[in-house]
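Everything below concerns the one structure shown next.
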Amino acid sequence: MERTFIALKPDIVRRGLIGEITKKLENKGYKIIAMKMIHVNEDIASQHYAEHVGKPFYPGLVKFITNAPIIAMVLQGENVIESVRKFFGKTNPQDAEDGSIRSDYAQITRYNSVHASDSPQSAEREIAIYFKPEEICENWKTTYEIMSEEIGE
Ligand code: CMP
């Protein structure tokens with residue numbers, strides 16, 4: 001079963017929207033198997049955003065992501081990486097699809113509210129940066145999983 005790493009960024013935390021976005025994830029039916037608040041420091045930022053180190057926007061990205069805590073989560077499900085990226089919308093909120101999180105909650109790329117892994121390799125790497133294996137709760141089933149077992153997809 002596929003896993004992805006997501007984060008509610010400092011703009012969401014500072015605006016008091018943690019519950020609202022988390023509720024949307026739950027309403028959609030995503031299975032949250034790990035969650036924590038963490039105040040990212042420069043070291044963690046450079047690990048998470050290793051591919052962007054040296055790019056012109058990197059200093060601003062670090063300043064933003066270390067400015068207030070984030071909510072880090074691991075979601076698990078069929079095709080969850082692609083599904084969540086669509087749910088969140090394009091990186092630049094101006095290009096994000098109507099109804100997506102970034103379209104509804106963000107205006108500019110730097111303050112784009114949420115992060116989601118872009119591939120299975122990124123997901124594995126990013127999950128390992130933020131979570132120890134024992135912090136991931138995998139031994140339980142959602143109602144949807146039980147229904148799928150009983151009725152089928
Ligand atoms: P995220 O999905 O977290 O992945 C990398 C982040 O870098 C991205 O969201 C943006 O917040 C930021 N980013 C990417 N491109 C730019 C850019 N051109 N200008 C500013 N920030 C960017």
Side-chain angles (χ1 to χ4, degrees), residues 1-138 142 144:
M1 193 59 77
E2 202 170 76
R3 288 180 179 179
T4 193
F5 171 78
I6 71 158
L8 313 187
K9 293 185 177 181
D11 54 327
I12 292 294
V13 174
R14 292 184 67 131
R15 291 154 73 202
L17 294 171
I18 298 169
E20 193 165 313
I21 305 298
T22 304
K23 189 73 202 143
K24 283 177 182 278
L25 293 165
E26 290 186 307
N27 285 349
K28 174 75 177 174
Y30 289 126
K31 184 180 187 183
I32 301 169
I33 59 168
M35 173 158 68
K36 68 165 83 160
M37 177 180 263
I38 173 170
H39 202 138
V40 172
N41 60 27
E42 288 194 16
D43 178 44
I44 295 173
S46 70
Q47 290 178 52
H48 181 168
Y49 289 118
E51 66 184 298
H52 298 304
V53 174
K55 293 185 182 168
F57 64 82
Y58 182 75
L61 171 59
V62 172
K63 211 168 168 185
F64 168 59
I65 208 72
T66 60
N67 172 267
I70 66 163
I71 304 297
M73 298 188 202
V74 180
L75 307 184
Q76 179 170 288
E78 200 88 38
N79 201 33
V80 72
I81 295 172
E82 193 185 328
S83 173
V84 172
R85 283 182 71 81
K86 201 166 166 202
F87 192 67
F88 283 176
K90 296 236 166 66
T91 302
N92 181 346
Q94 305 285 335
D95 301 328
E97 300 75 2
D98 287 351
S100 64
I101 298 291
R102 283 168 172 154
S103 167
D104 286 351
Y105 290 91
Q107 295 182 49
I108 64 167
T109 304
R110 180 170 298 164
Y111 309 144
N112 66 357
S113 300
V114 283
H115 167 83
S117 307
D118 62 6
S119 67
Q121 295 73 25
S122 302
E124 198 179 331
R125 194 183 68 76
E126 292 169 4
I127 290 168
I129 292 170
Y130 288 94
F131 292 97
K132 299 181 191 132
E134 62 268 27
E135 291 176 319
I136 296 173
C137 305
E138 47 191 357
T142 61
Y144 178 76

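Order of appearance sets the numbers: ligands from 1, and atoms from 1 within every ligand. Computed from heavy atoms alone, side chains included, the values below leave out hydrogens, waters and symmetry copies.
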Point to revise | S117 side-chain N/O to F5 backbone N/O, donor-acceptor pair under 3.5 Å | key: yes
Review point. Is the distance between the ring centroids of Y130 and H48 under 6.0 Å?
Key: yes
Practice item. Enter the distance from N112:CG to D11:CG here, rounded to the nearest 0.5 Å. Key: 7.5 Å
Practice item. Heavy-atom contacts with H52 under 4.0 Å: which atoms of ligand 1 show up? List them by number with element. Key: 5 (C)
Practice item. Just go through K90, R102, E126, R110 and tell me whose heavy atom is the nearest to atom 2 (O) of ligand 1. Key: R102
Point to revise | Residue and atom name of the nearest protein heavy atom (relative to atom 4 (O) of ligand 1), distance in Å to one decimal | key: Y49 CE2, 3.6 Å
Check your understanding: Hey, does the side chain of E135 reach the backbone of K132 with a donor-acceptor pair shorter than 3.5 angstrom?
Key -> yes
Review point. Can you find a non-hydrogen atom of K9 under 4.0 Å from ligand 1?
Key: yes
Revision key, fill the gap. Closest to atom 19 (N) of ligand 1 among protein heavy atoms sits F57 CB, 3.5 Å
Study note, to complete from the structure: So the atoms of ligand 1 within less than 4.0 Å of a heavy atom of N112 turn out to be 8 (C), 9 (O), 10 (C), 11 (O)
Point to revise | Min side-chain heavy-atom separation E97-K90 under 4.5 Å | key: yes
Point to revise | N-O pairing of E20 and R15 below 4.0 Å | key: no
Review point. Does T109 reach ligand 1 with a nitrogen or oxygen that is under 3.5 Å from one of the ligand's nitrogen or oxygen atoms?
Key: yes
